2 protein chains.
Amino acid sequence: MANLQPGKPLDMAAIKVACANCNLHNLCLPLGIDTRDIERLDDIINRKRPLARGEYLFQAGAPFHAIYAIRSGSVKSFTATEDGQEQVTGFHLPGELVGLDAISSDTHNCSARALETTSVCEIPYPQLEELSALMPSLQRQLLRVMSREILQDEHMMMLLGRKAADERLAAMLMSMSNRFKQRGFSPREFHLSMSRNDIGNYLGLAVETVSRLFTRFQEDGLLETERKHVRILDLARLSVLAGANRISPDE
Amino acid sequence: MANLQPGKPLDMAAIKVACANCNLHNLCLPLGIDTRDIERLDDIINRKRPLARGEYLFQAGAPFHAIYAIRSGSVKSFTATEDGQEQVTGFHLPGELVGLDAISSDTHNCSARALETTSVCEIPYPQLEELSALMPSLQRQLLRVMSREILQDEHMMMLLGRKAADERLAAMLMSMSNRFKQRGFSPREFHLSMSRNDIGNYLGLAVETVSRLFTRFQEDGLLETERKHVRILDLARLSVLAGANRISPDE
DNA sequence: CCGCTTTATTGACGCAAATCATTGTTTGTC
DNA sequence: GACAAACAATGATTTGCGTCAATAAAGCGG
């Protein structure tokens, strides 16, 4: 974000974009960093103009120079398979970081596109690395965020490897629900910014299967959908389905 | 590894276990770190007695206090699903780090077991974090290794989400082949230390499917197997299958 | 060396989900 | 406001892979 000058407390634009004033800062990189140090982090962050739906945050193959934190809106990241099809690797909500997989290769391996009007904070990586060496709390948080990403990916591997279609969709919906809740929104009613196609792609399912599952969930009284708007009626049951064992089909 | 005392150059045990003398050090954490600093890294590393096949390196739920580098042998890591079944999340060869997913939660989320007689280097995490703050090159490499892990997991997600059974096994074999090659072994002939069960579990396939695929690959002249010993006959074709497009089934 | 357990291979069968096909609905553009 | 393009829903059909079952081979402890 733009530099926050302590001498200009009335500059709304500057205030709004400072990490210290961002209501996401305990979900994001500044977590666990004290106020003085957050300002130093602020200083290296660039605020970009909002992206329109469909715009690229970065594209696969581009040289890597920054990671991005979502401030508002949402983003999908995806790689291309060898045969040119895309594979969605994640959906990112405000407070989440995108581009961490590019650190090792100095090149973006996946692309990221805005799913709706989205604003992001650009964090130049060389400077982040440098600052991390000076601020143990930042280094610590950066490593934690990356570790969490690994954990989530492992969770996803389990989902794709072992779970049935309905369990996958339920898990995805529960994940969204929990993340919206974390961000102060309703866990029972929200807007899915991605298409059914993206959902299917992400979950390793055909679009048709996703569509059918939404209608089945609705028939079963689990939820109601109106296009991309979802209202969960039975959060408990959905949660069970998401982490369900398939032990007793005898009832 | 045990502290290497400069005054005792004839202490073979001490020499052998020092990072500086380890032939894996350009695959492992010391990559890109100069000789002087490697010694400081050495100082915090503990060398453990070799683990027998089946022994746990750590178990899920245990408090996290160290990450591990494989020195020799191999390890599988796995989580338990809600219904108590296990899901293999990775196989680890010498030079690779295990336990990175525990950093964010202070608790091991997955277990790691030796697939054969295995020796590892234990790297206490608090000290590693501390040292990283002092050594930019170490911090840099640690972040790179974690980023690479994220990248690999994304690759795995694509495998599980989009690829057919034969492509998955081919990709897994190619991965092993490449990793053996990196370590100075033959890329065409190697020993798979894990069971068919583990392979199937890892790839999201039934054991029977893995078995059938091995026989099919053999019939197709791609490879020869004798139990766990694999000899790849047509590396090129296997590689194509691993990253294959499914465009032209018309031949 | 012999039974016992674990692991691997192979076959028959069924089902969950992919694919194909059609229609309806929404969104964006000129 | 009309048209095209993208998206969503639903039915019909096919198929890849999981499940079940049986046998064989290998590893292991006494």
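We use all heavy atoms of the structure for the numbers below, so side chains are in, but hydrogens, waters and symmetry mates are not. In what follows, every chain begins at residue 1, and chains take the letters A, B, ... in the order their sequences are listed. A quick note: this is a predicted structure, and the numbers were derived from the prediction, not measured.
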Just to confirm, is there a sub-4.0 Å distance from OP1 or OP2 of [N] to any side-chain nitrogen or oxygen of [X]?
X        : N     : value
B/Ser195 : C/dT6 : no
A/Ser211 : D/dA8 : no
A/Arg196 : D/dA9 : yes

*What is the minimum heavy-atom distance between B/Leu233 and B/Gly221, and which atoms define it?*
CB-O, 3.6 Å

Spacing of [X] atom [atom1] relative to [N] atom [atom2], expressed in whole Å:
X        : N      : atom1 : atom2 : answer
A/Asn201 : C/dA18 : CG    : P     : 12 Å
B/Glu219 : C/dT9  : CD    : P     : 12 Å
A/Lys228 : D/dA6  : NZ    : C1'   : 10 Å
A/Leu205 : C/dT19 : CG    : P     : 11 Å
A/Asp198 : D/dC7  : CG    : P     : 8 Å
B/Phe214 : C/dT10 : CZ    : P     : 12 Å
A/Arg216 : D/dG11 : CZ    : C1'   : 17 Å
A/Lys163 : D/dG18 : NZ    : P     : 17 Å

*Look at the side chain of B/Glu208 and the base of D/dC17, then say whether one donor and one acceptor between them are separated by less than 3.5 Å.*
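Flag unset: no donor-acceptor pair detected.
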
Side-chain donor-acceptor pairs of residues 184-195 of chain A under 3.5 Å, sequence neighbours excluded:
unit_1	atom_1	unit_2	atom_2	d
A/Ser186	OG	A/Arg188	N	3.0
A/Ser186	OG	A/Glu189	N	3.2
A/Glu189	OE2	A/His229	NE2	3.1
A/Ser193	OG	A/Ser74	OG	2.7
A/Ser195	OG	A/Asn197	N	3.4
A/Ser195	OG	A/Asp198	N	3.1

*asked:* Under 4.0 Å, counting only non-hydrogen atoms across every strand here, what does A/Gly204 touch: a base, just sugar-phosphate, or nothing?
replied: sugar-phosphate

_Donor-acceptor side-chain pairing of B/Arg183 and B/Asn23 below 3.5 angstrom_ = no

*With nearest nucleotides of DNA chain D determined for B/Arg212 and B/Arg53 from heavy-atom distances, which residue corresponds to the more 5′ nucleotide?*
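Taking each residue's closest nucleotide, the earlier one in sequence belongs to B/Arg212.
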
*Using the closest heavy atom to pick a nucleotide of DNA chain C for each, name whichever of A/Glu226 or A/Val207 lands nearer the 5' end.*
A/Val207

*What's the closest nucleotide to the B/Arg227 side chain, out of D/dG18, C/dT7, D/dA9?*
C/dT7

*asked:* Between A/Leu93 and A/Gln182, is there a side-chain heavy-atom distance shorter than 4.5 Å?
replied: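 No. Closest side-chain heavy atoms not under 4.5 Å.
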
_Which residue is it: B/Arg49, B/Lys48, B/Arg71? I am looking for the one with a salt bridge (charged side-chain N to carboxylate O under 4.0 Å, His left out) to B/Glu122._
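Going through B/Arg49, B/Lys48, B/Arg71 one by one, the salt bridge (charged side-chain N to carboxylate O under 4.0 Å, His left out) with B/Glu122 is satisfied by B/Lys48 alone.
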
